[in-house]
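Order of listing sets the numbers, starting from 1, for every ligand and every atom in it.
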Amino acid sequence: MKNIVILGSTGSIGTNTLDIVDRFPEEFHVVGLTAGSNDEKLEAQIRKFRPAFAALANEAAAAKLRDRCADLPVKILAGNEGVAEVAQSQDAELVISAIVGGAGLLPTLAAIRAGKQIALANKEPMVMAGALMQAEAKKHHVRIFPIDSEHSAIFQSLEGHRREDVKRIILTASGGPLWGFSREQLQDVSPERALQHPNWKMGSKITIDSATLMNKGLEVIEARWLFDIPETQIEVLVHRESIIHSLVEYTDRSVIAQLGLPDMRTPISYAMRYPERMPLDLPSLDLTEISTLTFFKPDHARFPCLQLGYEALRIGGTMPATMNAANEVAVEAFLQSGIRFLDIPDIIRSTMEAHAPRPIDGLDDALDADHWARDKAESLVHALTR
Ligand code: NAD
Ligand code: MG
């Protein structure tokens with residue numbers, strides 16, 4: 001029996017994680033659940049999984065949740081501090097990090113510092129402060145197991161091999177909901193259309209990241225820190241069907257890949273139960289049914305965000321945190337219909353160009369860059385929408 005905490009339990013990764021817990025109640029015990037503001041959904045999860053602790057980042061929602069759960073023996077905390085406190089719950093062994101965006105940095109780092117093993121879906125903290133997260137993980141003897149499907153595939157493809165034999169890793173990208181669109185079509189695309197992902201059902205922020213290819217830019221940086229590999233050895237391949245989840249090429253030109261139908265429960269369960277594999281009752285991959293797998297080079301002209309990710313990684317220091325924050329602001333503005341789709345990369349680039357990068361020596365350096373970039377990107381959004 002493994003005691004777990006889920007950060008972001010009401011989201012897409014969070015609910016998939018609870019689906020696994022539900023299938024294997026003798027394997028996992030939920031100690032804590034946290035979310036942003038959805039008190040109704042969190043209440044239902046508390047009634048079903050009976051954690052000792054829960055938290056909502058939104059204080060008003062947490063007060064409502066307290067009322068809703070007055071008949072239950074659950075301690076409900078509020079605010080970002082409350083979420084971080086649940087992340088450190090004494091009984092927890094494994095923390096599933098599945099908050100969206102930079103908001104996950106503090107609680108995930110708190111869990112690492114408390115010595116919890118981490119199953120990481122929340123990629124933005126790795127982008128903001130990957131070196132710091134890994135240094136803290138090392139210091140506290142914590143392993144960070146990837147949930148992101150590409151990184152789970154790399155992790156699996158590295159197993160049993162010597163790291164010095166790796167030539168490069170190849171992250172696959174679906175290309176997202178708008179692959180093949182012309183610049184004119186991209187200019188006028190609506191949030192509703194951009195949210196229609198062909199292969200994955202995910203939260204709205206990552207779905208827009210997938211449409212701009214910023215998701216792959218973030219994932220290149222995530223891979224840099226998860227696998228301690230330089231960006232010159234990380235490549236991206238567009239693979240529309242999301243069947244090959246990523247590949248590792250070795251020095252003898254042998255290529256090892258991990259395949260499967262696109263279902264996040266496979267990488268989530270692997271991260272939760274490593275090194276064991278869980279018998280998941282899901283459809284098997286039938287390659288004769290799929291019949292054709294297609295591959296393309298990334299289209300940097302129409303989808304410049306991937307290059308911005310590489311650029312931020314090359315510059316280093318506070319630049320990736322700056323890029324991430326500008327992206328969060330721009331995506332939110334696009335979803336609220338304030339700006340156009342192609343304004344997203346423009347806002348990120350302008351924010352990066354205005355930033356004087358500094359080294360990240362501690363958490364405050366990353367948070368300062370994050371705050372600075374949010375202000376800068378918000379002023380750019382304001383100029384476009386007024
Ligand atoms: P989501 O929007 O569906 O869920 C986000 C969760 O975070 C919700 O529970 C929400 O309540 C919580 N949350 C939001 N803001 C918060 C805050 N300020 N404080 C505390 N909690 C907050 O997102 P998702 O699609 O599940 O993605 C979560 C993370 O996993 C993202 O970083 C994403 O990039 C990554 N990821 C997701 C998928 C996927 O299939 N959904 C795949 C790979 C990686
Ligand atoms: Mg991914």
Side-chain angles (χ1 to χ4, degrees), residues 5-19 32-42 44-45 54-59 61-62 65 77-87 96-108 110 118-128 146-155 171-176 195 197 199-210 212-223 226 236 239 242 244-246 258 262-268 271 306 309 324 327-328 331-332 335 370:
V5 162
I6 306 175
L7 304 176
S9 67
T10 59
S12 160
I13 294 290
T15 48
N16 272 309
T17 304
L18 284 172
D19 178 79
L33 294 175
T34 84
S37 58
N38 192 339
D39 52 289
E40 210 175 311
K41 190 158 181 184
L42 190 54
Q45 293 182 340
L56 281 171
N58 181 304
E59 312 231 353
L65 182 66
L77 304 165
N80 295 329
E81 307 72 35
V83 171
E85 209 175 313
V86 175
I96 319 301
S97 170
I99 291 174
V100 60
L105 175 58
L106 286 175
T108 304
I118 305 291
L120 186 81
N122 186 196
K123 64 194 83 181
E124 293 90 348
M126 268 293 174
V127 171
M128 296 168 72
I147 283 181
D148 211 345
S149 56
E150 296 78 0
H151 304 74
S152 177
I154 302 282
F155 181 62
L171 298 175
T172 52
S174 69
L195 283 169
H197 199 287
N199 308 338
W200 300 99
K201 201 175 166 308
M202 309 182 286
S204 55
K205 193 264 180 181
I206 184 178
T207 306
I208 300 302
D209 286 348
S210 178
T212 61
L213 254 64
M214 178 50 88
N215 185 45
K216 219 45 58 176
L218 298 172
E219 289 185 356
V220 166
I221 304 175
E222 183 186 13
L226 277 176
V236 171
H239 162 46
S242 301
I244 302 179
H245 295 304
S246 279
Q258 186 258 344
D263 189 317
M264 286 309 294
R265 289 172 293 188
T266 299
I268 292 170
L306 171 57
N324 176 68
N327 180 55
E328 287 191 32
V331 168
E332 185 63 24
L335 286 173
D370 177 83

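- Here's the thing with V83: none of its N/O atoms is less than 3.5 angstrom from an N/O atom of ligand 1.
- In this structure, atom 28 (C) of ligand 1 lies nearest to the protein heavy atom A98 O, 3.4 Å.
- Under 4.0 angstrom from ligand 1, the non-hydrogen atoms of K123 come from both its backbone and its side chain.
- Side-chain atoms of S97 never come within 3.5 Å of backbone atoms of A119 as a donor-acceptor pair (strictly under, hydrogens ignored).
- In this structure a side-chain-to-backbone donor-acceptor pair under 3.5 Å is present from T172 to I244.
- Of the protein's non-hydrogen atoms, the one nearest atom 25 (O) of ligand 1 is G203 N, 2.8 Å.
- Side-chain atoms of V331 and T212, non-hydrogen and from C-beta on, never get closer than 4.5 Å to each other.
- Expressed to the nearest 0.5 Å, how far CD of E222 lies from NZ of K123 amounts to 6.0 Å.
- Residue contact check: T10 has heavy atoms under 4.0 Å from atoms 8 (C), 9 (O), 10 (C), 11 (O) of ligand 1.
- For the atom pair CD1 (I99) and OG1 (T34), the distance works out to 4.5 Å, reported to the nearest 0.5 Å.
- Any N or O atom pair closer than 3.5 Å counts here, and S12 shares at least one such pair with ligand 1.
- Considering CG of D263 and OG of S242, their distance stands at 12.0 Å, rounded to 0.5 Å.
- Side-chain polar atoms of H245 and T266 form no donor-acceptor pair below 3.5 angstrom.
- Side-chain contact between N122 and I13 is absent, with no heavy atoms from C-beta onward closer than 4.5 Å.
- Using a 4.0 Å cutoff on heavy atoms, S9 counts as a contact of ligand 1.
- Close N/O approach between G8 and ligand 1 is found [any backbone or side-chain N/O within under 3.5 Å].
- Of all atoms in ligand 1, listed by their number and element, those nearer than 4.0 Å to a heavy atom of D148 are 43 (C), 44 (C).
- Distances between N or O atoms of G36 and those of ligand 1 include at least one value under 3.5 Å.
- Checked against a 3.5 angstrom limit, the closest N/O atoms of G11 and ligand 1 fall inside it.
- Heavy-atom contacts of I206 reach the following atoms of ligand 1: 25 (O), 33 (C), 34 (O), 36 (N), 37 (C), 38 (C), 42 (C), 43 (C), 44 (C) (cutoff under 4.0 Å).
- Once rounded to the nearest 0.5 Å, the distance linking CD1 of I208 with CE of M202 reads 9.5 Å.
- Protein atoms that are N, O or S and lie under 2.8 Å from the Mg ion (ligand 2) are these: D148 OD1, E150 OE1, E219 OE2.
- Near A121, the atoms of ligand 1 lying under 4.0 angstrom from a non-hydrogen atom of the residue are 30 (O), 32 (O), 35 (C), 36 (N), 44 (C).
- With rounding to the nearest 0.5 Å, the separation of CD in E219 from CG in L226 is 10.5 Å.
- Of the protein's heavy atoms, M264 CE, 3.7 Å lies nearest to atom 42 (C) of ligand 1.
- Under the 4.0 angstrom criterion for non-hydrogen atoms, K205 is not in contact with ligand 1.
- Considering backbone and side-chain atoms together, A103 places no N or O closer than 3.5 Å to any N or O of ligand 1.
- Comparing I13, I99, L120 by heavy-atom distance to atom 29 (C) of ligand 1, the nearest is I99.
- Between L195 and L335, the closest side-chain pair of non-hydrogen atoms falls below 4.5 Å.
- At least one side-chain heavy atom of T15 sits less than 4.5 Å from a side-chain heavy atom of Q45.
- No side-chain donor-acceptor contact under 3.5 Å links N38 and E40.
- Of the possible donor and acceptor atoms, none in the side chain of H197 sits under 3.5 Å from a partner among the backbone N and O of S210.
- Side chain of N58 to backbone of A61: a donor-acceptor contact under 3.5 angstrom is found.
- From the protein, the heavy atom lying nearest to atom 5 (C) of ligand 1 is V100 CG1, 3.7 Å.
- For A57, every heavy-atom contact with ligand 1 shorter than 4.0 Å involves the side chain, none the backbone.
- In terms of polar-atom proximity, defined here as any N/O pair under 3.5 Å, E124 does make such a contact with ligand 1.
- Note that CG of N324 is 5.5 Å distant from CD of E124, once rounded to the nearest 0.5 Å.
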